[in-house]
> 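Quick one: structure below, then a few questions.
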Amino acid sequence: MNKISNKEAALLGLLSEKSKHAYEIKLDIENRSMDYWTEISMSSVSKLLTKLEKRKILKSETKLSEKNVAQKIYSITLQGKKIFNEKLKELESSWQPSIHP
């Protein structure tokens with residue numbers, strides 16, 4: 001079961017840039033207006049991160065921030081990179097409808 005959704009692919013794309021915590025991912029989605037070109041929503045980020053971690057596509061590590069707050073930092077695994085690249089090839093080879101209103 002190596003299939004991932006477009007939402008999951010969007011998250012993996014953000015995490016392929018660098019490891020991030022959920023709030024950073026939510027900021028990226030907002031700042032890049034990703035809700036206009038993918039079906040990912042701010043409310044689904046944490047749920048998707050947990051799901052991908054259970055599937056060993058992502059891994060997490062808890063670190064202390066500068067303000068001494070524990071943050072769960074997510075990064076993409078080697079298996080995750082492979083699955084993400086397969087999804088990119090699939091998306092490039094097929095037509096995708098626009099979701100922008």
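No hydrogens, no waters, no symmetry mates; every other heavy atom, side chains included, goes into these values.
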> So for atom NZ, which belongs to Lys26, do other residues, nucleotides or ligands contribute more than 12 heavy atoms lying within a distance under 6.0 Å?
yes
> Between Lys3 and Glu86, is there a side-chain N and carboxylate O pair less than 4.0 Å apart?
no
> My understanding is that only residues two or more places apart in sequence, or in another chain, count here; which of them pass side chain to side chain donor-acceptor pair (under 3.5 Å) with Lys7?
none
> Which side-chain N or O atoms in residues 14-25 pair as donor and acceptor under 3.5 Å with protein atoms at least two apart or in another chain?
unit_1 : atom_1 : unit_2 : atom_2 : d
Ser16  : OG     : Gly13  : O      : 2.7
Glu17  : OE1    : Lys20  : NZ     : 3.2
Glu17  : OE1    : Arg32  : NH2    : 2.8
Glu17  : OE2    : Arg32  : NH1    : 2.8
Glu17  : OE2    : Arg32  : NH2    : 3.3
Lys20  : NZ     : Leu14  : O      : 3.4
Lys20  : NZ     : Asp28  : OD2    : 2.2
His21  : ND1    : Tyr23  : N      : 3.4
Glu24  : OE1    : His21  : N      : 3.0

> Listed by chain and number, what are the side chain to side chain contact (heavy atoms under 4.5 Å, CB included) partners of Ser65, not counting sequence neighbours?
Lys67, Val69, Gln71
> Suppose clustering is done on Ile, Leu, Val, Met, Phe, Trp and Tyr with side-chain heavy atoms closer than 4.5 Å. Which residues sit in the same group as Leu64?
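In the cluster with Leu64 there is nothing else; it is isolated.
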> Looking only at non-hydrogen atoms, find the nearest pair between Ile40 and Ser44 and report the distance.
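Taking Ile40 first and Ser44 second, the nearest heavy atoms are CG1-OG, 3.9 Å.
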> Would Leu27 and Leu12 show up in the same hydrophobic cluster when neighbours are defined by side-chain heavy atoms closer than 4.5 Å?
no
> Report the residues that fulfil salt bridge (charged side-chain N to carboxylate O under 4.0 Å, His left out) with Lys72, sequence neighbours left out, ordered by chain and then residue number.
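Per chain and number, Lys72 pairs via salt bridge (charged side-chain N to carboxylate O under 4.0 Å, His left out) with Glu53.
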> Mark yes or no for whether Thr62, through its side chain, and Ala70, through its backbone, hold a donor-acceptor pair below 3.5 Å.
no
> Partners of Thr50 by side chain to side chain donor-acceptor pair (under 3.5 Å), sequence neighbours excluded?
none
> Let me confirm one number: the CG-CZ distance from Leu11 to Phe84, rounded to the nearest 0.5 Å.
10.0 Å
> Let me confirm one number: the CG-CD1 distance from Leu78 to Ile83, rounded to the nearest 0.5 Å.
11.0 Å
> Residues two or more places apart in sequence or in another chain: which of them pass side chain to side chain contact (heavy atoms under 4.5 Å, CB included) with Lys63?
Glu61, Ile73
> Which residues pass the side chain to side chain donor-acceptor pair (under 3.5 Å) test with Ser93, not counting sequence neighbours?
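For Ser93 there are no side chain to side chain donor-acceptor pair (under 3.5 Å) partners, ignoring immediate neighbours.
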> Would you say Leu49 and Leu58 make side-chain contact, with heavy atoms under 4.5 Å?
yes
> Which residues satisfy the side chain to side chain contact (heavy atoms under 4.5 Å, CB included) test with Lys87, sequence neighbours excluded?
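In terms of side chain to side chain contact (heavy atoms under 4.5 Å, CB included), with neighbours along the sequence ignored, Lys87 is linked to Ile4, Asn6, Ala9, Glu90, Leu91.
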> Test of understanding: with side chain to side chain contact (heavy atoms under 4.5 Å, CB included), list the residues that count as partners of Lys56, not counting sequence neighbours.
Gln79
